[in-house]
Amino acid sequence: MRGSGRRATHAGGESPIRLYHVSKSYLAGSFALHDVSLEIRKGEFVFLTGPSGAGKTTLLKLLFAAERPSEGQILVRGRNVGRLRESAVPALRRRIGVVFQDFKLLPRRTVEENVRVALDVTGTPPREARAKVFQMLKQVGLQHRRFHHPLSLSGGEQQRVALARALVNEPEILLADEPTGNLDPELTLEIMDLVVGASTRGTTVIVATHDMGLVERYGKRTIRLEGGRMGEDLQ
Amino acid sequence: MRGSGRRATHAGGESPIRLYHVSKSYLAGSFALHDVSLEIRKGEFVFLTGPSGAGKTTLLKLLFAAERPSEGQILVRGRNVGRLRESAVPALRRRIGVVFQDFKLLPRRTVEENVRVALDVTGTPPREARAKVFQMLKQVGLQHRRFHHPLSLSGGEQQRVALARALVNEPEILLADEPTGNLDPELTLEIMDLVVGASTRGTTVIVATHDMGLVERYGKRTIRLEGGRMGEDLQ
Amino acid sequence: MVAVLVRTALRGLQSSAVTSVAAAGTIAIALVLVGAFALIAGNMQGLLQRFGEELQVVAYLESDIDAAAAQQMVERVATVEGVQEVEWVSPERALERLRESLGGGGLLEGLEENPLPASLEITLAPSHRTPEGIAILVEAVDGLPGVDELAHGQDWVEGYSRVLVLVRSAAVGLGGVLALAALLIVANTIRLAVYAREDELAILSLVGASRTFVRVPFLLEGTLQGAVGGLVALGLLYAAFIMLVPEVQYGLELFLGSQQPRFFAVGEAAWLVAAGAGLGMCGSGAAMLGWRA
Amino acid sequence: MVAVLVRTALRGLQSSAVTSVAAAGTIAIALVLVGAFALIAGNMQGLLQRFGEELQVVAYLESDIDAAAAQQMVERVATVEGVQEVEWVSPERALERLRESLGGGGLLEGLEENPLPASLEITLAPSHRTPEGIAILVEAVDGLPGVDELAHGQDWVEGYSRVLVLVRSAAVGLGGVLALAALLIVANTIRLAVYAREDELAILSLVGASRTFVRVPFLLEGTLQGAVGGLVALGLLYAAFIMLVPEVQYGLELFLGSQQPRFFAVGEAAWLVAAGAGLGMCGSGAAMLGWRA
Ligand SMILES: Nc1ncnc2c1ncn2[C@@H]1O[C@H](COP(=O)(O)OP(=O)(O)OP(=O)(O)O)[C@@H](O)[C@H]1O
Ligand SMILES: Nc1ncnc2c1ncn2[C@@H]1O[C@H](COP(=O)(O)OP(=O)(O)OP(=O)(O)O)[C@@H](O)[C@H]1O
Ligand SMILES: [Mg+2]
Ligand SMILES: [Mg+2]
């Protein structure tokens, strides 16, 4: 069922993410994303799937204003992020937790500092920040590694640090790009439970993944991209 | 079946990879790898599995002398890599193709140059190198992206460039760390076929992966690490 | 928030020791150059002053002027604009000097009477040691009763004032070039340091750090590196001063006379450190301008 | 293989434009400083030489020596070690000079006969303008028949030779400090450049690049950056020279007399560029030493 058209018309103030005919072209003549319209409600949990190069990461980047759309409108929390002033971008990003496909950890900071930076940018008081970071690291099973540097962590450990950073300030929106690609099956379930838990507490979650097992297991809404175009949108 | 003991005694000139009671400790008091013994025959295809932080990457790093073992002996192509002189390391690495878990592409070089560097270090003539690189990029489906920079590629595309670089000089040994973690199921099979193809042509292959579907599908020998120790070794 | 920014800056310094040391080191070296130049130029100032003292206008007096009348003239001339000092030289003293200057031989023994006149030796204030200053003096003194003839080495003054201008502009020019070079080198170095940490800045921005949050710690880092560089430069200069001055003391005395070579005063030293801090801050600021999130 | 290394170096330069430009720029600035100093010092050399020419030993002759005898003495003295030139000054010429030096007034009109003796003015070769050189000359000339008295301004020589030593050591010292500063700054900059590209070097090493393969392109890059920096410095210095010399020409003439200020000869200019290349290469080499695969 192609649900994009239907959903986009389904306007509502409680939808923190709405895309209307969004296209993105990095190189003239080719589209990484083509005419994508969709709407995601508050607290909804959505899988984003599709083959390599389908535009999943591009879609996520548009949502936190790391890229600007070539065409169309993107409303995040009611604001048009395609037209956001440079100076308004940080405030947007502080409401959005992102797990990057390549982690993007600060190599010269410890695990604790890497997670904590998400609280520092919001001006959280030090005492509170320390407690939250410790709690979060415990949840991803890395509290014992908190004084180590990311480069001395295994791939899966780094991925969990990235997730901890994205979740620590209880964002309104969580964008996770392949957040379990480096995790073993058991850990994948633990981590996904964390993410699902966040969504039940009201965080709107988009998880880009290739892991069809995961998609099937959780049975959540699944949006499929193919060559930059909306494929299926399955509830 | 725990086959490590049996295998290690199974000495033979045709086994390019042999480990005897190998341990690796990064931090005093904890072992990333503990008393691992195993032997891999020429042209063999082996999956390496285990939970996050089990020591898979560490084991691979020991094989191409990116780390030195804390204890035990490692013979690669008959040479003790734990005791290799600094100046002998490059020659070893030129025989080993490695797909790094974090790709390790040169960000300021094009895709073509990234693949080509593996031929440049062996002194392959330019004409031959160009032809081989083009052929290889075609096999991973990226010939049309060859003049782009890695940072403008999707995660899966970068992963394929990393694989192309590892395979382009037809190495005797291929070490692939989570080589399909960012690939969709179809592409995963295509890429795995490439890797299996290399092993049928005589390349000894170790693939570290969490993807149990993959492991089951190919039914190859599977070595499982757990907390740095040898778990199962299933043929 | 301020605490967080400062802490971030300190962590930044710590976590990128290589670039921090390199930046501070470069600032130190640049400031050593500028500071050494300032020291040398400052001490040379005294030397030039002394050269200038030799510039005198001599008013030869008519032979019928006695000591008392001469004394009156001295007082009169002393009021002329730009005059610093006036000395009366009696004919006897003049002959004595000529003898000395001829090497003390018996060269002037044959003279039956002293042919030399009395004179007034007029020294100009430093600010008036120019052709214009001399012209004013000459005009004022030339018409005075009792003055026979004026000797004022116009050429000498021309030469002196031109040399002075030349040396001063050379000093200003060289100092300027040095300061500019220091600025460019420091900016360059900090730009490289930013470049080496670009990934870090990009990541901070991706997790929602505002411009302030990214930039302020960086500026603080730069400022601190610069201040440390300034202190190091000050230390190096002082060490060099202490070690070198006794070595060249003897030679220096020829130049500076009894004047002791002096190091920076506390205030000047503070300026050097402040200059370092300023360089570091501006360098970081300039480097950050070039960087876009 | 060589082609690959060179190509890799060129690609490296291209792909890391920021660091390359920064390194070349820093080398250029450092060399401008050193070069400007060399130019100034080189042109000052002539000035010092001219000052030295004024050092003369004067041998006053007995009054019964006629022109022919004096000529013989001139030839004799000319053979003494370290003597550059000997000039005979007749009593008439000596009186004329004294008059000139006293300002041309009628001061010496009253003399009935010329009280001044004839003399030989002996100029020493530059290398002998030292207290020792003078001592040798004095010993050789003092006993000669016909020589009445020797005037040799021992103090003046002491002063001159000390000033000479002082200025020369200041020049060598300042030049050395500048060169050292340039070296440190360049090494620092290139170290930062390496630091910014550390990941790249590490990756090359991981895919089997030998030390040579990693280092040679890097050294080539550094050398090229240095050479470009040297050329830029040469251009800047030449531009400054062309622009500034007419400005200060008039003042300079007082110092250098008719001697024209000169720029570097082709060979010296080549040295500057070579120095840049050398700096770049050594800087890269030093930076690579610090880097381990
Ligand atoms: N900065 C860029 N410049 C040019 N092309 C880009 C850039 N970023 C992405 N692309 C291209 O846009 C297309 C979509 O990329 P995107 O990263 O969104 O794919 P993806 O769905 O995340 O793939 P993967 O599963 O492999 O991560 C790809 O073909 C990619 O090469
Ligand atoms: N350089 C290092 N310094 C300190 N500890 C390290 C270092 N590298 C790895 N470790 C630790 O050694 C253990 C094994 O790491 P390794 O990378 O081999 O795991 P892995 O099996 O590859 O895990 P993953 O599947 O998450 O990639 C981990 O606990 C890791 O934190
Ligand atoms: Mg992606
Ligand atoms: Mg791993």
Side-chain angles (χ1 to χ4, degrees), chain B residues 57 60-61 63-67 84-110 112-130 149-151 161-162 164-169 171-173 175 177, chain D residues 1-24 189-222 224-225 284-293:
Chain B
T57 301
L60 299 184
K61 278 182 176 168
L63 294 177
F64 65 95
E67 297 285 355
L84 220 51
R85 287 196 324 282
E86 192 75 52
S87 60
V89 170
L92 170 77
R93 291 187 183 159
R94 276 178 241 144
R95 306 290 191 142
I96 303 181
V98 183
V99 181
F100 299 92
Q101 197 168 3
D102 54 358
F103 315 155
K104 293 203 190 298
L105 301 177
L106 300 166
R108 287 188 283 270
R109 307 293 172 94
T110 63
E112 184 180 48
E113 287 168 334
N114 264 286
V115 176
R116 186 168 164 160
V117 76
L119 294 171
D120 283 348
V121 297
T122 63
T124 311
R127 179 188 295 267
E128 190 184 330
R130 252 197 310 277
H149 285 253
L151 292 180
V161 175
R165 181 179 65 189
L167 282 175
V168 73
N169 64 346
E172 290 176 33
I173 297 173
L175 308 176
D177 202 350
Chain D
M1 197 64 186
V2 170
V4 169
L5 291 175
V6 170
R7 187 163 47 75
T8 306
L10 291 176
R11 283 298 285 125
L13 281 175
Q14 192 184 331
S15 71
S16 55
V18 174
T19 56
S20 302
V21 169
T189 303
I190 296 192
R191 182 141 165 259
L192 274 181
V194 171
Y195 189 73
R197 293 173 62 188
E198 220 172 22
D199 293 351
E200 189 176 329
L201 301 179
I203 292 173
L204 283 176
S205 154
L206 283 177
V207 299
S210 61
R211 283 167 65 100
T212 313
F213 192 90
V214 176
R215 282 167 198 232
V216 169
F218 215 82
L219 287 181
L220 286 179
E221 277 184 57
L224 211 64
Q225 287 162 5
S284 300
M288 293 302 304
L289 274 188
W291 177 81
R292 303 182 303 134

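Computed from heavy atoms alone, side chains included, the values below leave out hydrogens, waters and symmetry copies. In what follows, chains are A, B, ... by sequence order, proteins preceding strands, each numbered from 1.
- Not a single salt bridge (Lys or Arg N to Asp or Glu O under 4.0 Å) links B/Glu112 to another residue, sequence neighbours left out.
- When atom types are taken as modelled, the side chain of B/Glu128 and the backbone of B/Pro125 share no donor-acceptor pair closer than 3.5 angstrom.
- Sparse packing is recorded around CZ of D/Arg211, with 12 or fewer heavy atoms of other residues, nucleotides or ligands lying under 6.0 Å away.
- The parts of D/Arg197 that come within reach of chain B are both its backbone and its side chain, each placing non-hydrogen atoms under 4.5 angstrom from that chain.
- Heavy atoms closer than 4.5 Å to chain D are found in the backbone of B/Leu105, but not in its side chain.
- Neither the backbone nor the side chain of B/Arg95 has a heavy atom closer than 4.5 Å to any heavy atom of chain D.
- For the side-chain hydrogen bond (donor to acceptor under 3.5 Å, both in side chains) test, no residue two or more places apart in sequence or in another chain qualifies with B/Arg94.
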